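Only one structure is covered here, and it is reproduced in the block below.
Both counts, for ligands and for their atoms, begin at 1 and track the order of listing. Quick caveat, the model's predicted, so the values are computed rather than measured. Positions are given from 1, in the same order as the sequence printed here.
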Amino acid sequence: MNKDIFLIGSGQTRFGEWWEKSLRDLAGEAVEAALKDAPCTSLDIDMVIVANMIAERTNGQAHLGALVSSLFPHNPPALRVESACASGAVALHTACGLLESGRAQTIVVVGVEKMTDVSTEEVADALMGAADSEKDAPCGLTFPGIFGLIAKRYMHEYHLTRERLNHVSSAHHRNALHNPFAQFRKEIPAEHISQSPAVADPLCMLDCSPVSDGAAACILSTVKESDIKIAASQLASDAVSLTERATITSFPATKRAMEKALAEADIDRKSVSHLEIHDCFSIAAVINVEDLGFAEPGKGVELYEQADPVPSINASGGLKACGHPVAATGIKQVTDMAKQLRTSGSRFGLTQNFGGACASCGIHILEHTHV
Ligand code: COA
C-alpha cells in the first residue's frame, strides 16, 4: 500500500430475513455499529462508498450513494460500486485508492442488500445479471445451475464424491454456531447436506448460500489509527462467460489477485492464519482454497475433512451459514476478519470475495499490528 490505511471501525446487521427493515434502515444500522466501534464521529467521515448489486430489481431503489450519505448530518460526497457479489471487495478497493491518493482521509464503506422482498425466482433472475447475458443466460442457467455444472465437471476431473463434498457446508454451519450475526445457527451433520432438496444436480439446497438481507460497514482512515491495517487490497478479472474459460474447475482471477496481494503485503501465504473465502456454493469453497494455494488441485476438500485446518477457513460460518446479501458480503468478511485477528492474536488474515463465477475477485490482507 502507498500509505498506511487503518480499519478504525466496523460493524454489521445480523444477516437474514428483515422484512420490517428497509435498505436505508439496514445501511444505517451497519454504519451506526461501525461508528460506535471507531475513534471518530460521523462528522469525521469525508466520503461514503456504497456497495450494492440488485437494489433496482429487488427494492426499486437506485442512487444509493446519496441515499446513505443522507444518513450523515453533513451529507458527505458519495458513490456506489457494483461488481456483482464482489461489490463489497471492489468498494473497499476503491476506498483504498481514494485514501492513497489523498482525495479522502476517512471513508465509510457500506455494503447493503435486501433480497427477500421478492420471490426466489426473481432474485435468481436478478443475480443472473452477474453472468454473460448473451452467451450463458439464454440457455436457461441460474447461478445454482452454473455452479452445478462446475461441481459436475470438478467431480469428473478429480473423482470427488458427493459424500466428501458434504463436509464443506457442514463445517460452515458448525462454525456459525457461535456467530450472533449469522442467518443460520444450527449444526447440520454432513450426511444431511446431500439429503436436502436437489437444486442443480449435484448441488442440493444445503450446498447453496441463502437469499439474505443485511448490511456491513467498515471505516478506513489514513489519519486515525487502530491495531488493524490493510496490508493489501487487490483485484483481478476474468471472462464473464464460462464459454470463454480454458477450465471451469479453477478460477484464474483468484490466483492472480492472490499473487498480487501476497506481493503487496510482502508475505508468504504461510503467514496467513485465517481465511474468509467466498463459499457461495460448497464447490466454490473447494476450488477457492486450491486457487489460493492452500491445497493442491483436486485436494481442497481435504482441508474440510480436518477438525482444525490451518489456516482456519470461514470461522464466521461463511456465506453458507452467515447468509449472503450479495454486496454486503465482502465488507462483512473484513469485519469478521478483524475480530478473528484480535481474538486469536494472529498477525495476518485474508478475505477473498468474488463476483459471478469469479469473473471479478477481490482479496484483502489484514494485519494485526499489536502482535
Ligand atoms: N441454506 C439453508 N437453509 C435454506 C437455504 C439455504 N441456502 N435456502 C432456504 N433455506 C431455508 C429457509 O430458511 C426456509 O426455512 P424455514 O421453512 O424454516 O423458514 C426453507 O429453507 C425454505 O426456504 P425458501 O426460501 O422457500 O427456499 P427456496 O427453495 O426458495 O430457495 C435456494 C432455496 C437454495 C434455491 C436459494 O436459497 C438460492 O437460490 N440460493 C442461491 C443464491 C445465489 O445464487 N446467490 C448468489 C451466489 S453467486
Would you verify that at least one protein heavy atom lies under 4.0 Å from atom 14 (C) of ligand 1, or report that none does?
no
Please report whether ligand 1 has a polar contact with Lys320, defined as an N or O pair separated by less than 3.5 Å (distance criterion only).
yes
Can you say whether the rings of His74 and Phe72 are parallel (under 30°), tilted (30 to 60°) or perpendicular (over 60°)?
perpendicular
Validation row: Asp238, Phe251 side chains within 4.5 angstrom (heavy atoms)
no
Among Lys332, His364, His278, which residue satisfies the side chain to side chain donor-acceptor pair (under 3.5 Å) criterion with Asn353?
His278
Can you pull out the closest protein heavy atom to atom 30 (O) of ligand 1? Residue, atom name and distance to 0.1 Å, please.
Thr120 OG1, 2.6 Å
Does atom 42 (C) of ligand 1 have any protein heavy atom closer than 4.0 Å?
yes
Is Phe147 in contact with ligand 1, taking contact as a heavy-atom separation below 4.0 Å?
no
Numbering the atoms of ligand 1 from 1, which are under 4.0 Å from a heavy atom of Leu206?
1 (N), 2 (C)
Have Glu29 and Thr13 got a donor and an acceptor in their side chains that come within less than 3.5 Å?
no
Answer yes or no for atom 34 (C) of ligand 1: protein heavy atom present at a distance under 4.0 Å?
yes
Less than 4.0 Å from atom 3 (N) of ligand 1, is there any heavy atom belonging to the protein?
yes
With a 6.0 Å cut-off on the ring centroids, do Phe15 and His324 count as close?
no
Give the single entry among Glu121, Met205, Glu17, Lys186 that approaches atom 10 (N) of ligand 1 most closely by any heavy atom.
Met205
Just so I know, are the side chains of His93 and Val81 near enough to count as touching, which here means a heavy-atom distance under 4.5 Å?
no
Please indicate whether Gln61 has more than 12 foreign heavy atoms, meaning atoms of other residues, nucleotides or ligands, lying under 6.0 Å from its CD.
yes
Would you mind listing which atoms of ligand 1 come within a distance below 4.0 Å of any non-hydrogen atom of Leu127?
43 (C), 44 (O), 45 (N), 46 (C)
Return a yes/no value for His324: is any of its N or O atoms, backbone included, closer than 3.5 angstrom to an N or O of ligand 1?
no
Identify, by atom number and element, the atoms of ligand 1 in contact range of Pro210, meaning under 4.0 Å from any of its heavy atoms.
6 (C), 7 (N), 37 (O)
Answer yes if a protein heavy atom lies under 4.0 Å from atom 19 (O) of ligand 1, otherwise answer no.
no
Indicate whether any N or O donor in one side chain lies under 3.5 Å from an N or O acceptor in the other, for Gln183 and Ser212.
yes
If we only count N/O pairs under 3.5 Å, is Val326 in contact with ligand 1?
no
Does atom 23 (O) of ligand 1 have a protein non-hydrogen atom under 4.0 Å from it?
no
Same cluster (ILVMFWY, side-chain, under 4.5 Å), Ile313 and Phe348:
yes
Can a salt bridge be assigned to the pair Lys114 and Asp25 using a cut-off of 4.0 Å between side-chain N and carboxylate O?
no
Judged by modelled atom types alone, do Asp136 and Ser241 share a side-chain donor-acceptor pair under 3.5 Å?
yes
Could you tell me the residue and atom name of the protein heavy atom closest to atom 7 (N) of ligand 1, and the distance to it rounded to 0.1 Å?
Cys208 O, 2.8 Å
Which atoms of ligand 1 have any heavy atom of Phe184 under 4.0 Å away?
1 (N), 2 (C), 3 (N), 4 (C), 13 (O)
So, does Ser209 sit close enough to ligand 1 that a heavy atom of it is under 4.0 Å from the ligand?
yes
